[in-house]
Peer 1: 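Shown below is the structure under consideration.
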Amino acid sequence: RESAGWQKWQPMVKALEEELSVLKRQLTQQTTALEAMNRERDRLGQMLEDVEEQRLATQEDGQRERNEISQQAQQVQQSLERQGEEPQLGPRGPGLGAGEEQKEGGNP
């Protein structure tokens, strides 16, 4: 009798075992995909950090250069003022004054 009762449930148990196997396989695939996505997220996060560090360093370098140029321009202006001349600024900043010719070759 017990084996007859078991015979009745065996197809359902077999179907449930197959479904469980499919679900385990899907879970493994999804876990693998999620792990890959997490690795990609971490990689992109690191790239973002690197780019931000580079941006800040570039920004600092640019600010340093602007400060140096500003200091040099100020020194030139002070030097000219000490010589009693007014600095003549062209449209592109300090440069040739009106009527001055360029020295050392090139177009005036």
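Please read all numbers here as calculations on a predicted model, not as lab measurements. One-based numbering along the sequence shown.
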Peer 1: Looking at residues at least two apart in the chain, or sitting in another chain, which of them share a side chain to side chain contact (heavy atoms under 4.5 Å, CB included) with Q72?
Peer 2: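 None.
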Peer 1: Going by salt bridge (Lys or Arg N to Asp or Glu O under 4.0 Å), name the residues that satisfy it together with R66, two or more places apart in sequence or in a different chain.
Peer 2: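 With sequence neighbours excluded, R66 shows a salt bridge (Lys or Arg N to Asp or Glu O under 4.0 Å) to no residue whatsoever.
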Peer 1: Going by the rule salt bridge (Lys or Arg N to Asp or Glu O under 4.0 Å), which residues pair with R41 if we only count those two or more places apart in sequence or in a different chain?
Peer 2: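 If we apply the salt bridge (Lys or Arg N to Asp or Glu O under 4.0 Å) test to R41, skipping adjacent residues, there are no hits.
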Peer 1: State which residues pass side chain to side chain donor-acceptor pair (under 3.5 Å) with R39; sequence neighbours excluded, sorted by chain then number.
Peer 2: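 By the side chain to side chain donor-acceptor pair (under 3.5 Å) rule, R39 matches no residue at all.
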Peer 1: Given K14 and E17, is the salt bridge (charged side-chain N to carboxylate O under 4.0 Å, His left out) satisfied, shown in steps?
Peer 2: CA-CA 5 Å; K14 180 85 170 144; E17 285 175 341; 5.2 Å; no
Peer 1: Could you check whether D50 and Q46, counting side-chain N and O atoms only, form a donor-acceptor pair closer than 3.5 Å?
Peer 2: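 Indeed, the side chains of Q46 and D50 share at least one donor-acceptor pair under 3.5 Å.
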Peer 1: Test of understanding: with salt bridge (Lys or Arg N to Asp or Glu O under 4.0 Å), list the residues that count as partners of E65, not counting sequence neighbours.
Peer 2: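 If we apply the salt bridge (Lys or Arg N to Asp or Glu O under 4.0 Å) test to E65, skipping adjacent residues, there are no hits.
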Peer 1: Looking at CG of L56 and CD of Q63, how far apart are the two atoms once the value is rounded to the nearest 0.5 Å?
Peer 2: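 Spacing of CG (L56) from CD (Q63) equals 13.0 Å.
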Peer 1: Mind checking what makes side chain to side chain contact (heavy atoms under 4.5 Å, CB included) contact with Q71, not counting sequence neighbours?
Peer 2: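 For Q71, no residue satisfies side chain to side chain contact (heavy atoms under 4.5 Å, CB included) once neighbours in sequence are set aside.
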Peer 1: Which ILVMFWY residues can you reach from L23 by hopping between side chains whose heavy atoms are under 4.5 Å apart?
Peer 2: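 Same cluster as L23: nobody, lone residue.
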Peer 1: State whether the number of non-hydrogen atoms from other residues, nucleotides or ligands found under 6.0 Å of E52 atom CD is greater than 12.
Peer 2: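 Atom CD in E52 is packed in, count exceeds 12.
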Peer 1: Could you work out, with side chain to side chain contact (heavy atoms under 4.5 Å, CB included) as the rule, every residue matching T28, not counting sequence neighbours?
Peer 2: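 Partners of T28 under the side chain to side chain contact (heavy atoms under 4.5 Å, CB included) test: T32.
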Peer 1: If the condition is side chain to side chain donor-acceptor pair (under 3.5 Å), which residues does Q59 pass it with, not counting sequence neighbours?
Peer 2: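 Applying side chain to side chain donor-acceptor pair (under 3.5 Å) to Q59 gives R55.
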Peer 1: Could you walk me through whether L80 and Q77 pass the side-chain contact (heavy atoms from CB on, under 4.5 Å) test, one step at a time?
Peer 2: CA-CA 5 Å; L80 289 173; Q77 185 173 358; 5.8 Å; no
Peer 1: Can you sort out the partners of R25 under salt bridge (Lys or Arg N to Asp or Glu O under 4.0 Å), two or more places apart, ordered by chain and number?
Peer 2: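 So R25 forms no salt bridge (Lys or Arg N to Asp or Glu O under 4.0 Å) with any residue.
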Peer 1: Residues sharing M47's hydrophobic cluster, by side-chain heavy-atom contacts under 4.5 Å among ILVMFWY, directly or via others?
Peer 2: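 M47 shares its hydrophobic cluster with L44.
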